[in-house]
Number of protein chains: 2
Amino acid sequence: MLLVERGQEPYAGRWALPGGFLLPEESAETAARRELAEETGLADVTDLHLEQLRTYSEPDRDPRMRVVSVAFAALLPDPPAPHGGGDASQARWVPYDAAVDLAFDHDRILADARRRVGAKLEYTCLATAFCPAEFTLGELQQVYETVWGTALDRPNFRRKVLATPGFVEAVPGAARLTGGRGKPAALYRAGPATTLHPPLLRAPREGRPA
Amino acid sequence: MLLVERGQEPYAGRWALPGGFLLPEESAETAARRELAEETGLADVTDLHLEQLRTYSEPDRDPRMRVVSVAFAALLPDPPAPHGGGDASQARWVPYDAAVDLAFDHDRILADARRRVGAKLEYTCLATAFCPAEFTLGELQQVYETVWGTALDRPNFRRKVLATPGFVEAVPGAARLTGGRGKPAALYRAGPATTLHPPLLRAPREGRPA
DNA sequence: TCAAAAGTGTTTGGCCTACACCCATGG
DNA sequence: CCATGGGTGTAGGCCAAACACTTTTGA
């Protein structure tokens with residue numbers, strides 16, 4: 001999770017989700033993309049998937065004034081070192097479990113984001129957005145295992161992914177070592193499909209025991 | 001679909017989704033609930049499910065000025081006759097397929113709503129929100145068939161619903177005739193569950209043919 | 001007595017879990 | 001030659017699609 005440390009009141013010194021205000025001629029997504037570019041220093045955020053989560057509009061969520069926030073989630077496979085700046089004194093990447101006690105209602109927003117992304121992994125091809133342009137099936141599986149917090153059976157995962165048309169496309173002849181050791185893994189690219197039919201269900205080991 | 005006919009420019013005389021502006025101390029959901037109550041004349045919209053769809057913030061979506069809209073979907077089993085009023089000259093219920101050529105970007109919003117509701121039927125218990133407090137399984141099945149536009153096998157649908165714990169609860173001893181003829185159907189209430197595991201998949205007759 | 005709708009039973013096939021096994025590479 | 005990760009094969013079991021059948025009502 002990309003967090004910024006607040007430099008001003010309210011919540012000075014607390015960590016928060018990065019964000020900012022819309023410019024007069026911006027849509028919320030354009031503004032989110034701009035803020036992300038500023039915070040990460042990434043040059044090409046144009047083809048990055050931005051998932052609109054939901055809008056938070058409770059009148060008292062910011063003690064200074066009424067602020068309506070449209071929350072987005074972006075998924076970066078290789079996060080660069082973040083830049084501080086603006087009203088944030090510094091920025092850093094933090095594991096999900098360590099991102100607690102945030103400013104404003106950002107704990108809730110982050111929890112909503114986690115649940116939404118976890119659910120979308122089941123029935124969309126979103127997982128490839130966490131991977132670099134070319135990735136191994138082991139890396140793709142780790143995305144699921146990390147977000148869901150469960151272990152998946154490798155052979156079955158592999159079959160299910162390859163059986164879904166348009167989910168991934170093989171990069172012919174390419175292979176790469178992943179963990180340093182072991183057999184080099186074949187490389188894949190994200191395919192044209194966006195939804196998974198049938199879905200990739202969670203908790204395969206949580207069925208009724210034999 | 002509840003539509004209102006616009007009485008003012010822009011788009012005077014065109015049909016549009018009902019809506020309005022936030023009051024100073026309202027959240028978007030509170031405002032949506034208030035607008036819905038005004039438009040339908042319903043007294044108790046407090047325990048009605050309001051699903052936040054997404055926020056539309058393109059700068060030019062309203063020619064008069066910049067308007068950011070937070071779209072919600074409400075599901076009414078027995079819609080009452082709507083009230084006109086406000087800047088709408090009249091209001092009416094319209095079948096989904098007839099709700100075309102709406103004002104602003106409301107065609108897109110309506111299409112987003114349809115897709116979202118259809119998807120949520122698969123993995124949540126949302127369908128009961130379309131039914132009255134006590135309903136038959138045939139009525140519940142019609143919700144799925146209407147939104148998805150597909151036919152479902154009645155015995156299998158019945159088993160799947162009853163096999164999902166907390167989806168529906170039998171009303172003991174109660175029965176009601178549905179189509180005028182036929183055997184009276186047992187009545188059910190919505191259960192405490194909110195998500196379906198495993199999901200109720202669409203398109204059972206669209207698998208690879210034998 | 002027929003039509004229509006609810007509800008039950010049963011077969012069959014497909015999918016999917018679980019696990020065993022081979023392959024390739026680095027140390 | 002062993003540990004590690006990639007990849008293939010397969011048997012068993014569960015589940016669900018498909019459809020036949022019974023039940024109960026109104027006309």
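Naming: A, B, ... by sequence-line order, numbering from 1 per chain.
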Between B:Arg158 and C:dT8, does any side-chain N or O lie under 4.0 Å from OP1 or OP2?
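It does, given that an N or O in the side chain of B:Arg158 lies less than 4.0 Å from OP1 or OP2 of C:dT8.
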
Just to verify, what does A:Tyr96 make a ring pair (Phe, Tyr, Trp, His ring centres under 6.0 Å) with, not counting sequence neighbours?
none

Quick check: on DNA chain D, is the nucleotide nearest A:Glu139 upstream (toward 5') of the one nearest B:Lys160, or the reverse? Name the residue that is more 5'.
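First, find each residue's nearest nucleotide; the 5'-ward one identifies A:Glu139.
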
At a cut-off of 3.5 Å, list every protein nitrogen or oxygen paired with a nitrogen or oxygen from nucleotides 9-13 of chain D, distance to 0.1 Å.
residue: D:dG9; atom: N7; partner: A:Arg159; partner atom: NH1; Å: 3.3
residue: D:dG9; atom: O6; partner: A:Arg159; partner atom: NH2; Å: 3.1
residue: D:dT10; atom: O4; partner: A:Arg159; partner atom: NH2; Å: 3.3

Closest listed nucleotide, where the reference is the side chain of A:Ala185 and the choices are D:dT25, D:dG7, C:dG7:
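When the side chain of A:Ala185 is considered, D:dG7 is the closest of D:dT25, D:dG7, C:dG7.
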
Output the rounded distance in Å from [atom1] ([X]) to [atom2] ([N]).
X        : N      : atom1 : atom2 : answer
B:Arg154 : C:dA6  : CZ    : C1'   : 6 Å
B:Leu152 : D:dC19 : CG    : P     : 15 Å
A:Gln141 : D:dG5  : CD    : C1'   : 11 Å
A:Leu196 : C:dC16 : CG    : P     : 12 Å
B:Leu187 : C:dA6  : CG    : P     : 12 Å
B:Phe157 : D:dC15 : CZ    : P     : 19 Å

With the side chain counted from C-beta on, respond yes when B:Phe135 and B:Val168 share a heavy-atom pair under 4.5 Å apart, and no when they do not.
yes

What residues form a side chain to side chain donor-acceptor pair (under 3.5 Å) with [X], not counting sequence neighbours?
X        : answer
B:Lys120 : B:Glu51
A:Glu35  : none
B:Gln141 : B:Glu145

Hey, which of these two, B:Lys183 or A:Lys183, hits DNA chain C nearer its 5' end, going by closest nucleotide?
B:Lys183

Going by side-chain contact (heavy atoms from CB on, under 4.5 Å), name the residues that satisfy it together with A:Thr164, two or more places apart in sequence or in a different chain.
A:Phe167, A:Leu196

